[in-house]
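Just so we're on the same page: letters track the sequence lines, and every chain starts at 1.
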2 protein chains.
Amino acid sequence: MAANGDPRPCSIADALAVVGEKYSLLVLREVCLGNGRFDQLVRNIGAPRDVLSSRLRRLVDAGILTKRAYSERPQRFEYRPTQAGLELEPVLMTLKEWGDRHIRGGVNLPMMVEHICGHELVPLVTCRSCGKPVHHEDLTAHPQAEGWTVTGPTAA
Amino acid sequence: MAANGDPRPCSIADALAVVGEKYSLLVLREVCLGNGRFDQLVRNIGAPRDVLSSRLRRLVDAGILTKRAYSERPQRFEYRPTQAGLELEPVLMTLKEWGDRHIRGGVNLPMMVEHICGHELVPLVTCRSCGKPVHHEDLTAHPQAEGWTVTGPTAA
DNA sequence: GAGGAGGGTTGGATTTTCAAACTCACGGAG
DNA sequence: CTCCGTGAGTTTGAAAATCCAACCCTCCTC
């Protein structure tokens with residue numbers, strides 16, 4: 001058994017440490033939509049300006065957003081996603097789809113995203129190796145750190 | 001233009017209102033791994049017990065987890081994912097994959113998930129209609145609520 | 001030179017978080 | 001029977017984050 005007292009080492013936790021604070025993913029949503037200006041973000045997200053300011057700094061520091069001047073004199077800025085930020089968009093879309101079904105109940109959806117193929121985007125998470133959709137019962141986790149278990153030493 | 005002052009209506013925001021608080025997705029991770037007992041959750045997540053207690057209540061209320069007694073006398077409980085909870089697992093896996101690449105830099109990964117096909121699970125988000133991988137540049141957003149724009153009235 | 005707009009910062013009240021200690025119910029060892 | 005340990009939380013009090021409104025500064029237009 002591992003020296004515990006430390007939480008499980010995990011990239012999900014690592015990712016959430018960067019983008020898991022309140023509003024961070026909504027900032028990314030807006031920025032991916034092209035609404036990267038401070039006042040747009042405040043309005044569209046509904047976040048306090050100071051918190052937003054802090055999140056933007058953090059996301060820029062983490063390499064998920066960049067801050068660009070779209071005008072000198074008067075100095076005006078715009079936040080845009082980096083490649084890393086853009087690569088989070090599938091996570092956002094997958095979360096949206098879950099929310100559409102499980103919270104909105106599939107009706108009265110407030111936003112539609114169209115794929116270039118001409119249809120509404122309904123994301124499907126697949127296995128890159130075999131191409132099949134990912135289902136819980138097809139997965140087996142292997143924690144790499146010593147002492148970490150999947151079902152715990154006391155599991156049923 | 002819409003009567004603004006309200007944030008953008010959006011299923012991503014709705015979803016995050018339920019699973020976006022600190023530790024909530026880590027609870028789901030553990031529960032999906034089969035570690036659904038209170039003390040396991042405390043240890044594996046590293047969350048304060050009171051916060052965890054509050055998150056568990058919320059996730060159960062939201063229909064993402066269920067609380068089951070695995071023993072009467074002494075009463076002992078276990079949290080398990082509902083169908084809605086299980087359907088969030090692809091989001092978790094996609095986030096893990098992003099973290100693997102962008103935070104861990106693709107090396108020294110603390111956890112591996114194996115797909116039933118025999119290979120390591122590397123999730124790929126695809127369009128359900130055409131099957132192609134989802135990329136930012138292939139997407140067009142259509143907000144349904146009146147007055148909401150994609151690029152904003154003042155966009156470049 | 002008055003009034004915006006954009007992009008923030010500051011101040012103070014309210015909430016959350018945190019860590020450790022505590023509770024309660026039971027089961028087993030001595 | 002008494003003491004110890006386990007599981008599942010609750011309580012407590014200090015530290016940190018959030019919220020909101022107000023303010024600031026620079027430029028631009030009227």
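At a cut-off of 3.5 Å, with distance as the only test, a side-chain donor of A/Asn35 or B/Arg8 sits close to an acceptor on the other residue. Side-chain contact check for A/Ser53 and A/Arg57: at least one donor-acceptor pair (N or O, by modelled atom type) lies under 3.5 Å.
A cation-pi arrangement is absent between B/Lys67 and B/Tyr79, since the terminal nitrogen or guanidinium carbon is not both under 6.0 Å from the aromatic centre and inside a 45° cone about the axis. By the 6.0 Å and 45° rule, A/Arg29 does not stack over the aromatic ring of A/Tyr23.
Both A/Pro48 and A/Pro74 sit near DNA chain D, but only A/Pro48 has its closest nucleotide nearer the 5' end.
Rounded to an integer number of Å, the gap from CG of B/Leu52 to C1' of C/dT16 is 15 Å. Here the P atom of nucleotide D/dA8 and the CD atom of B/Glu78 are 9 Å apart, to the nearest Å. For the pair A/Glu21 CD and D/dC19 P, the interatomic distance rounds to 12 Å; values are reported in whole Å. B/Gln40 has its CD atom 13 Å from the C1' atom of D/dT6, to the nearest Å.
Residues A/Ile45 and A/Glu30 meet the side-chain proximity criterion, which asks for heavy atoms closer than 4.5 Å. Residues A/Glu114 and B/His142 have side chains in contact (heavy-atom distance under 4.5 Å, counting atoms from C-beta outward).
Contacts between residues 64-73 of chain A and DNA chain C, defined by a heavy-atom separation under 4.0 Å, are made by A/Lys67, A/Tyr70.
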I'd like a table of atom pairs between the protein and nucleotides 9-13 of chain C - only N or O on both sides, under 3.5 Å - with the distance next to each one.
| from | atom 1 | to | atom 2 | distance (Å) |
| --- | --- | --- | --- | --- |
| C/dT9 | OP2 | A/Ser53 | OG | 2.7 |

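Within 6.0 Å of the CG atom in B/Asn108, the count of heavy atoms belonging to other residues, nucleotides or ligands does not exceed 12.
Side-chain N/O atoms of A/Arg55 include one lying less than 4.0 angstrom from OP1 or OP2 on D/dT18. Dashed line: the shortest gap from a side-chain N or O of A/Lys22 to OP1 or OP2 of D/dC19 is under 4.0 Å. Not one side-chain nitrogen or oxygen of B/Tyr23 sits closer than 4.0 Å to the OP1 or OP2 atom of C/dT16.
Looking at A/Arg49 and A/Asp39, a side-chain N of the basic residue comes within less than 4.0 Å of a carboxylate O on the acidic one, giving a salt bridge.
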